[in-house]
Undergrad: 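First, the structure itself, so that you have it in front of you.
These numbers come from a predicted model, not from an experiment. Order of listing sets the numbers, starting from 1, for every ligand and every atom in it.
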Amino acid sequence: MKKIVILISGRGSNMEAMIAARDAGRLPVDIVAVISNRPAAAGLETAARAGIATHYVDHRGFAGRDAFDAALAECIDGFSHDLVVLAGFMRILTEGFVRHYEGRLMNIHPSLLPAFPGLHTHRRALEEGVRIHGCTVHFVTPTLDHGPVIVQAAVPVLDGDTEDSLAARILGQEHRIYPQAVRWFAEDRLRLENGRVRLAAEPAADSALISPGIV
Ligand code: NHR
Ligand code: GAR
């Protein structure tokens with residue numbers, strides 16, 4: 001079973017969706033740790049209540065991004081793991097950090113990338129008057145919010161929407177697609193080819209029952 005470390009900064013509802021999916025048998029992973037850059041993140045308590053190891057590495061205690069990222073990597077690498085999942089993690093990561101986890105670092109971003117990289121995506125979508133908005137799970141690369149797309153979900157922007165109503169509609173989709181993307185990783189079905197993510201077909205249900213040479 002693959003092991004994952006989840007990085008959060010706040011509420012942690014995407015983390016909770018993964019815990020729920022794991023508990024329901026829909027996400028075959030060990031969640032070995034939840035780490036926050038904010039000591040007061042509500043998600044740390046949720047994770048601890050679920051019996052998961054929690055840590056924080058407070059970015060305010062470091063002179064710069066390199067020093068923070070080094071301490072964060074040390075904390076992460078203290079746990080044996082296969083994948084690092086950014087779930088509402090709010091610090092931009094240095095190139096060195098990202099390279100260290102290349103191909104095993106995922107993020108969920110609250111827009112249909114490449115539209116609206118960066119912060120305040122719902123406000124900007126409303127300002128631009130787009131009719132379709134959404135969320136994207138991608139592998140993280142050094143260029144912010146530009147890594148290969150794994151899966152996206154779209155929602156309509158409705159008349160009268162506010163930042164909050166739009167965020168809530170999209171969050172419902174985040175909770176659906178992020179556990180799905182992590183499940184594909186856990187099943188070894190994601191491959192990078194020429195900078196694009198390929199999803200391998202689901203193995204046939206009975207393939208594990210047939211051993212080569214035994215008929
Ligand atoms: N790091 C790299 N190198 N590449 C990515 O694609 C990353 C990343 C770090 C985080 C998540 C991202 C998002 O989904 C993410 C993707 C934070 C900021 C930001 O501006 C922007 C995008 C994302 C996360 N953070 C401010 C900073 O100075 C702090 C903001 C705050 O603390 O509230 O780091 O949107
Ligand atoms: C989510 O909408 C996530 O996509 C977004 O923050 C929210 C976190 O919610 N991420 C970013 O904006 C990253 N910069 P959660 O803590 O309840 O999962």
Side-chain angles (χ1 to χ4, degrees), residues 4-21 31 34-47 50 54 56-70 72-73 76 84-125 133-155 163-182 195 197:
I4 70 170
V5 170
I6 303 179
L7 303 190
I8 63 168
S9 295
R11 173 180 57 183
S13 72
N14 276 290
M15 169 204 79
E16 275 187 88
M18 288 188 203
I19 296 171
I31 304 173
V34 171
I35 303 169
S36 171
N37 66 300
R38 294 194 178 276
L44 285 177
E45 278 180 31
T46 314
T54 61
Y56 63 81
V57 181
D58 188 342
H59 64 278
R60 292 168 302 186
F62 296 86
R65 292 193 190 261
D66 285 328
F68 168 67
D69 281 11
L72 182 61
I76 294 168
V84 177
V85 171
L86 306 184
F89 183 73
M90 296 306 289
R91 298 302 298 175
I92 296 173
L93 297 161
T94 56
E95 170 154 13
F97 181 99
V98 171
R99 295 266 182 244
H100 178 66
Y101 297 102
E102 201 147 30
R104 46 196 188 100
L105 181 59
M106 267 186 205
N107 177 47
I108 189 154
H109 180 76
S111 79
L112 289 172
L113 291 172
F116 310 120
L119 301 176
H120 311 300
T121 55
H122 308 314
R123 185 189 312 167
R124 287 155 62 206
H133 188 34
C135 49
T136 303
V137 179
H138 64 96
F139 282 115
V140 174
T141 59
T143 309
L144 188 68
D145 296 329
H146 273 78
V149 171
I150 300 166
V151 60
Q152 297 183 298
V155 304
E163 258 185 84
D164 284 351
S165 64
L166 195 49
R169 188 173 310 122
I170 289 172
L171 198 63
Q173 295 302 310
E174 294 186 32
H175 296 167
R176 195 172 64 82
I177 67 170
Y178 211 1
Q180 174 66 260
V182 174
V197 175

Undergrad: For R169, what residues pass the salt bridge (charged side-chain N to carboxylate O under 4.0 Å, His left out) criterion, not counting sequence neighbours?
TA: D161
Undergrad: Taking the side chain as every heavy atom from C-beta outward, state whether R11 and L171 have any atom pair closer than 4.5 Å.
TA: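 Answer yes - side chains close enough.
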Undergrad: Checking side-chain polar atoms at under 3.5 Å, does T121 have a donor or acceptor matched by the opposite partner on H109?
TA: no
Undergrad: Does the side chain of L144 reach to within under 4.5 Å of the side chain of P117, using non-hydrogen atoms?
TA: no
Undergrad: Are any of the side-chain heavy atoms of N14 and I6 separated by less than 4.5 Å?
TA: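 With C-beta onward as the side chain, the pair stays apart.
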Undergrad: In a simple table, one pair per line, please give the protein and ligand 2 atom names for every N or O pair closer than 3.5 Å, along with the distance.
TA:
from	atom 1	to	atom 2	distance (Å)
ligand 2	2 (O)	E174	OE1	3.2
ligand 2	2 (O)	E174	OE2	2.8
ligand 2	4 (O)	E174	OE1	2.8
ligand 2	4 (O)	E174	OE2	3.2
ligand 2	9 (O)	R11	NH2	3.0
ligand 2	16 (O)	G12	N	2.8
ligand 2	17 (O)	R11	NE	2.6
ligand 2	17 (O)	R11	NH2	3.2
ligand 2	17 (O)	S13	N	2.7
ligand 2	17 (O)	S13	OG	2.6
ligand 2	18 (O)	S13	N	3.3
ligand 2	18 (O)	N14	N	2.9
ligand 2	18 (O)	N14	ND2	3.0

Undergrad: Surrounding CD of E163 (heavy atoms of other residues, nucleotides or ligands, distance under 6.0 Å), is the total greater than 12?
TA: yes
Undergrad: Any side-chain heavy atom of I31 within less than 4.5 Å of one from I19?
TA: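 With C-beta onward as the side chain, the pair touches.
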Undergrad: Indicate the ring-plane relationship of H59 and F68, choosing parallel, tilted or perpendicular according to the 30° and 60° boundaries.
TA: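 Rings of H59 and F68: perpendicular, as their planes differ by over 60°.
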Undergrad: Hey, which residues fall under 4.0 Å of ligand 1 on heavy atoms?
TA: R38, R65, L86, F89, M90, R91, I92, L93, V98, N107, I108, H109, G118, L119, H138, V140, T141, P142, T143, L144, D145
Undergrad: According to salt bridge (charged side-chain N to carboxylate O under 4.0 Å, His left out), who are the partners of D66, at least two apart in sequence or on a separate chain?
TA: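 D66: no salt bridge (charged side-chain N to carboxylate O under 4.0 Å, His left out) contacts found.
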